[in-house]
Participant: 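Here it is: the structure, laid out below.
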Amino acid sequence: MAVHNADIAKVFEEIADLLEIQGENPFRIRAYRNASRLIEGLGVSIGEMIEKNEDLTELPGIGKDLAGKINEVVATGTCEALEKLRKQLPPTLTTLLRIPGLGPKRVQTLYRELDIGTPEQLYAAAHEGKISALPHFGEKIETTILQAMEKHVEKEARFKLATAAQYAEPLKSYLETIPGVNRVVIAGSYRRAKETVGDIDVLVTARRGSPVMDRFTEYDEVEQILSKGPTRSTVKLRCGLQVDLRFVPQASFGAALHYFTGSKAHNIAIRRLGQQKRLKINEYGVFRGTKRITGETEESVFRSVDLPFIPPEMRENRGEIEAARAGKLPRLVEIGDIRGDLHVHTNATDGHNTLKEMVEAAKMRGYEYVAITEHSRRVTVAKGLDPQRLRKQIDEIDRLNEKRLGITVLKGIEVDILEDGKLDLPDSVLSELDLVVCAVHSKFDLPKGRQTERVLRAMDNRYFTILAHPTGRLIQERGPLELDMLKVIRKARERGCFLELNAHPERLDLLDVYCQMARDEGVAVAVSTDAHSTRDYDYMKYGIGQARRGWLEAKDVLNTKGLADLERLLKAARGA
DNA sequence: GCCGTTTTCGGCCCGACTGTTTTCAGTCG
């Protein structure tokens with residue numbers, strides 16, 4: 001069984017947790033955590049890097065020792081260091097860390113003093129009131145633990161970006177109505193357009209004496225106040241989402257925004273640059289000694305370490321600082337660059353609106369073109385089209401285009417890629433279309449070799465235009481296909497066809513790291529909404545967020561092209 | 001455990017809030 005990056009990341013995370021409970025050197029622990037984060041967010045498979053004999057110590061934060069351990073994990077699924085730790089401490093101890101209020105020190109105390117190693121033992125001890133007697137514990141902590149365990153509260157519940165937006169945006173509007181409030185910005189991973197967010201970080205500037213903290217904790221949706229202070233408060237909303245509000249002076253706004261936007265790894269890297277210049281960078285500004293020298297804007301913070309402004313979506317310490325220093329930051333694609341949508345359904349299959357409604361709504365958005373791409377017959381639950389029904393729709397679209405609506409309707413299909421790599425409709429009907437969007441909707445669990453072969457074979461079809469939602473993942477629900485994405489992307493380049501970045505908030509597929517890969521290989525990406533109703537066109541903003549996380553510029557995105565250019569590219573994709 | 005325009009040793013980002021304390025450890029972001 002192949003070892004994935006996520007598996008290696010997990011091993012290092014567990015080592016870090018166990019070392020922390022043991023009270024090891026915090027910097028050693030950090031080294032494991034940094035490595036874990038790095039590996040998880042890496043676009044390329046570590047396993048493949050090893051196969052190709054690439055030097056792992058080239059990766060930032062990976063030295064000789066960790067490289068050795070990575071090799072060990074890839075070969076055996078685990079490593080000796082971890083197994084040794086697991087013998088010294090009950091491995092279930094790490095699950096206790098997920099309980100709010102419990103960190104490594106308290107978990108260590110629980111284990112040393114009361115021999116507590118499992119959640120069940122912890123619950124029993126808390127119930128008997130044994131915990132409040134321990135040093136640095138008390139009745140309050142005991143109650144918190146009991147309540148958290150009874151409600152099965154965990155620290156790491158994450159929300160899909162679009163779900164979080166449903167709660168964050170009304171909160172923002174509410175805060176803006178509070179007297180004295182100047183600016184309200186949602187920072188954190190939300191601002192970085194990460195596909196899921198763990199909590200919402202809100203930054204507020206207001207004039208002195210504004211009741212912002214009181215009004216915030218009184219907000220109708222607040223279920224519980226977790227902490228409240230003059231500059232920072234944390235609440236939990238009824239939906240379970242945690243919200244942090246920070247109140248900063250106007251003069252610190254830029255430094256605070258930069259700091260609270262993160263990511264953590266990016267911030268640490270920036271601060272380290274500051275240190276090298278004998279500057280201290282915190283959320284209040286940039287300091288030389290005790291003298292505050294700047295920090296009103298984010299630009300001023302970047303300038304203090306000789307960098308240009310780096311867009312929030314890029315701030316993951318994945319090379320953006322080096323790119324900025326070299327003057328090679330991309331000019332990221334913006335929503336206004338988009339000229340049309342290339343993946344749209346109607347009620348002919350599983351969509352909710354008629355063809356005419358979908359086309360009119362696209363026109364209302366100012367689009368130059370829209371491609372209608374229904375499911376093919378194989379997807380019976382969606383009433384997928386057979387050749388006959390598809391031809392009927394083709395005629396319908398031709399008639400619509402004759403009316404000169406001010407938008408061009410492109411004829412397409414979202415055709416299934418069958419298990420053997422054949423397409424679900426015959427070439428004879430595909431040849432009548434402007435574009436053929438191809439997708440895997442079945443047999444998600446094929447082994448990597450066969451899955452990759454399946455997709456590559458499909459791409460051999462001369463009518464193959466765009467690979468829809470390439471990894472097939474559904475965020476937090478279904479993992480990605482086992483697919484050698486580099487091979488797929490290189491094949492697309494060779495064939496002159498394209499990859500989709502499906503903007504649906506449950507998909508956001510192509511993943512950011514693969515967008516970067518596509519860009520590096522020179523393969524254009526279509527950012528499409530997969531709209532099943534007129535409202536779904538809104539998803540484009542999430543697709544753009546993801547595209548920006550993947551460093552895509554307008555020139556890297558297929559549907560920023562004008563109609564004439566697009567049609568030329570679509571024809572060229574047909575091969576000879 | 002990693003890393004080097006101050007360095008192969010000695011650093012490693014920085015601050016707010018809570019609860020248990022009576023000056024601060026622990027947790028969190």
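In what follows, chains are A, B, ... by sequence order, proteins preceding strands, each numbered from 1.
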Participant: State the pairing partner of dC3(B); accept Watson-Crick or G-U wobble contacts with both distances under 3.5 Å, and report none otherwise.
Facilitator: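 Paired with dC3(B), as far as the under-3.5 Å criterion goes, is dG10(B).
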Participant: Between dA25(B), dC13(B), dG29(B), which one does the side chain of R30(A) approach most closely?
Facilitator: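 In terms of side-chain proximity for R30(A), the closest of dA25(B), dC13(B), dG29(B) is dC13(B).
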Participant: Check if the side chain of N25(A) and the base of dG1(B) share a donor-acceptor pair of N or O atoms closer than 3.5 Å.
Facilitator: yes
Participant: CD of E72(A) versus C1' of dG1(B): gap in Å, rounded?
Facilitator: 15 Å
Participant: Can you tell me how far C1' in dT21(B) sits from the matching atom in dA25(B), rounded to whole Å?
Facilitator: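 My reading of the C1' atoms in dT21(B) and dA25(B) gives 9 Å.
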Participant: Given the rule in the side chain to side chain contact (heavy atoms under 4.5 Å, CB included) test, do F12(A) and N34(A) qualify, once you have shown the distances and angles that lead to the verdict?
Facilitator: CA-CA 9 Å; F12(A) 286 170; N34(A) 288 343; over 6 Å; no
Participant: Looking across every strand, which nucleic acid part, if any, lies under 4.0 Å from I270(A) by heavy atom: base, sugar-phosphate, or nothing?
Facilitator: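 Result for I270(A) = nothing.
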Participant: Nearest-Å distance, CZ (R106(A)) to C1' (dC24(B))?
Facilitator: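 Result: 12 Å.
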Participant: Does either side chain, that of D509(A) or that of T471(A), offer a donor lying less than 3.5 Å from an acceptor on the other one?
Facilitator: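 There is such a pair (donor and acceptor under 3.5 Å, judged by atom type) between the side chains of D509(A) and T471(A).
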Participant: With respect to the phosphate group of dA16(B), does any side-chain polar atom (N or O) of K228(A) fall under 4.0 Å of OP1 or OP2?
Facilitator: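 False: K228(A) side-chain N/O out of range (4.0 Å or more) of dA16(B) OP1/OP2.
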Participant: In whole Å, what separates the C1' atom of dG29(B) from that of dT23(B)?
Facilitator: 24 Å
Participant: Checking contacts here: which listed nucleotide (dT27(B), dC17(B), dC12(B)) is nearest the side-chain heavy atoms of P104(A)?
Facilitator: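 Looking only at side-chain atoms, P104(A) lies closest to dT27(B).
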Participant: Taking the same atom, C1', in dG1(B) and in dT5(B), what whole-Å distance lies between them?
Facilitator: 24 Å
Participant: Using atom P of each nucleotide, how far apart are dC9(B) and dC14(B) to the nearest Å?
Facilitator: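 Each nucleotide's P atom is 25 Å from the other's.
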Participant: Rounded off to whole Å, could you give me the CD-to-C1' distance for the E20(A) and dG26(B) pair?
Facilitator: 11 Å
Participant: Can you tell me how far C1' of dC14(B) sits from CG of L279(A), to the nearest Å?
Facilitator: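 Distance check: L279(A) CG to dC14(B) C1' gives 15 Å.
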Participant: Measure from CD1 on I29(A) to C1' on dG26(B) and round the result to the nearest Å.
Facilitator: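 Rounded to whole Å, this separation is 14 Å.
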Participant: Just so I know, are the side chains of I310(A) and H266(A) near enough to count as touching, which here means a heavy-atom distance under 4.5 Å?
Facilitator: yes
Participant: Phosphate oxygens OP1/OP2 of dA25(B): is one of them under 4.0 Å from a side-chain N or O of K105(A)?
Facilitator: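 Checking K105(A) against dA25(B): no side-chain N or O falls below 4.0 Å of OP1 or OP2.
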Participant: Report the residue (E139(A) or K64(A)) whose heavy-atom-nearest nucleotide on DNA chain B is the more 5′ of the two.
Facilitator: K64(A)
Participant: Using atom C1' of each nucleotide, how far apart are dT20(B) and dT27(B) to the nearest Å?
Facilitator: 13 Å
Participant: Indicate whether OP1 or OP2 belonging to dA16(B) is found under 4.0 Å from a side-chain N or O atom of S227(A).
Facilitator: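 So the side chain of S227(A) is outside the cut-off, no N or O lying under 4.0 Å from OP1 or OP2 of dA16(B).
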Participant: Looking at R272(A), I'd like to know whether one of its side-chain N or O atoms comes within less than 4.0 Å of OP1 or OP2 on dC13(B).
Facilitator: yes
Participant: Among dC13(B), dG15(B), dG1(B), which nucleotide has an atom closest to any side-chain atom of A31(A)?
Facilitator: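 Closest nucleotide among those given: dG1(B).
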Participant: Does R28(A) put a side-chain nitrogen or oxygen below 4.0 Å from OP1 or OP2 of dG1(B)?
Facilitator: yes
Participant: Considering every strand and a 4.0 Å limit on heavy-atom distances, what is the contact class for P230(A): base, sugar-phosphate, or nothing?
Facilitator: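 Answer is sugar-phosphate: P230(A) comes under 4.0 Å of backbone atoms only.
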Participant: Does dC28(B) have OP1 or OP2 sitting under 4.0 Å from an N or O in the side chain of K264(A)?
Facilitator: no
Participant: Measure from the side-chain heavy atoms of Y284(A) and tell me the nearest of dC2(B), dG15(B), dG26(B).
Facilitator: dG15(B)
Participant: In terms of side-chain geometry, is the basic nitrogen of K541(A) or E169(A) positioned less than 4.0 Å from the acidic oxygen of its partner?
Facilitator: no
Participant: Looking only at heavy atoms, which two atoms of G61(A) and L66(A) are closest? And how far apart?
Facilitator: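 Of all heavy-atom pairs spanning G61(A) and L66(A), the closest is O-CD1, 3.6 Å.
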Participant: Given dT6(B), is OP1 or OP2 found less than 4.0 Å from the side-chain N or O atoms of Q275(A)?
Facilitator: no
Participant: Map K69(A) and F27(A) onto DNA chain B by nearest heavy atom, then report which one ends up closer to the 5' terminus.
Facilitator: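 Whichever sits nearer the 5' end wins; that is K69(A).
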Participant: For dC13(B), does OP1 or OP2 lie under 4.0 Å from any side-chain N or O of N267(A)?
Facilitator: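 No, because none of the side-chain N or O atoms of N267(A) sits under 4.0 Å from OP1 or OP2 of dC13(B).
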Participant: Just how far, in rounded Å, is C1' of dC28(B) from CZ of R98(A)?
Facilitator: 15 Å
Participant: Distance between the P atoms of dT6(B) and dC2(B), in whole angstroms?
Facilitator: 23 Å
Participant: Do the ring planes of Y174(A) and Y219(A) sit parallel (below 30°), tilted (30 to 60°) or perpendicular (above 60°)?
Facilitator: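 Tilted, since the angle between the ring planes falls between 30° and 60°.
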Participant: With D512(A) as reference, evaluate R318(A), R548(A), Q546(A) under the side chain to side chain donor-acceptor pair (under 3.5 Å) test and give the passing residue.
Facilitator: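 So, applying the side chain to side chain donor-acceptor pair (under 3.5 Å) to D512(A) and each of R318(A), R548(A), Q546(A), only R318(A) qualifies.
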Participant: For atom C1', what is the distance between dC3(B) and dC13(B), given to the nearest Å?
Facilitator: 16 Å
Participant: Rounded to whole angstroms, how far apart are CD1 on I62(A) and P on dC3(B)?
Facilitator: 8 Å
Participant: Considering just the side-chain nitrogens and oxygens of Y259(A), establish if one lies under 4.0 Å of OP1 or OP2 belonging to dA16(B).
Facilitator: no
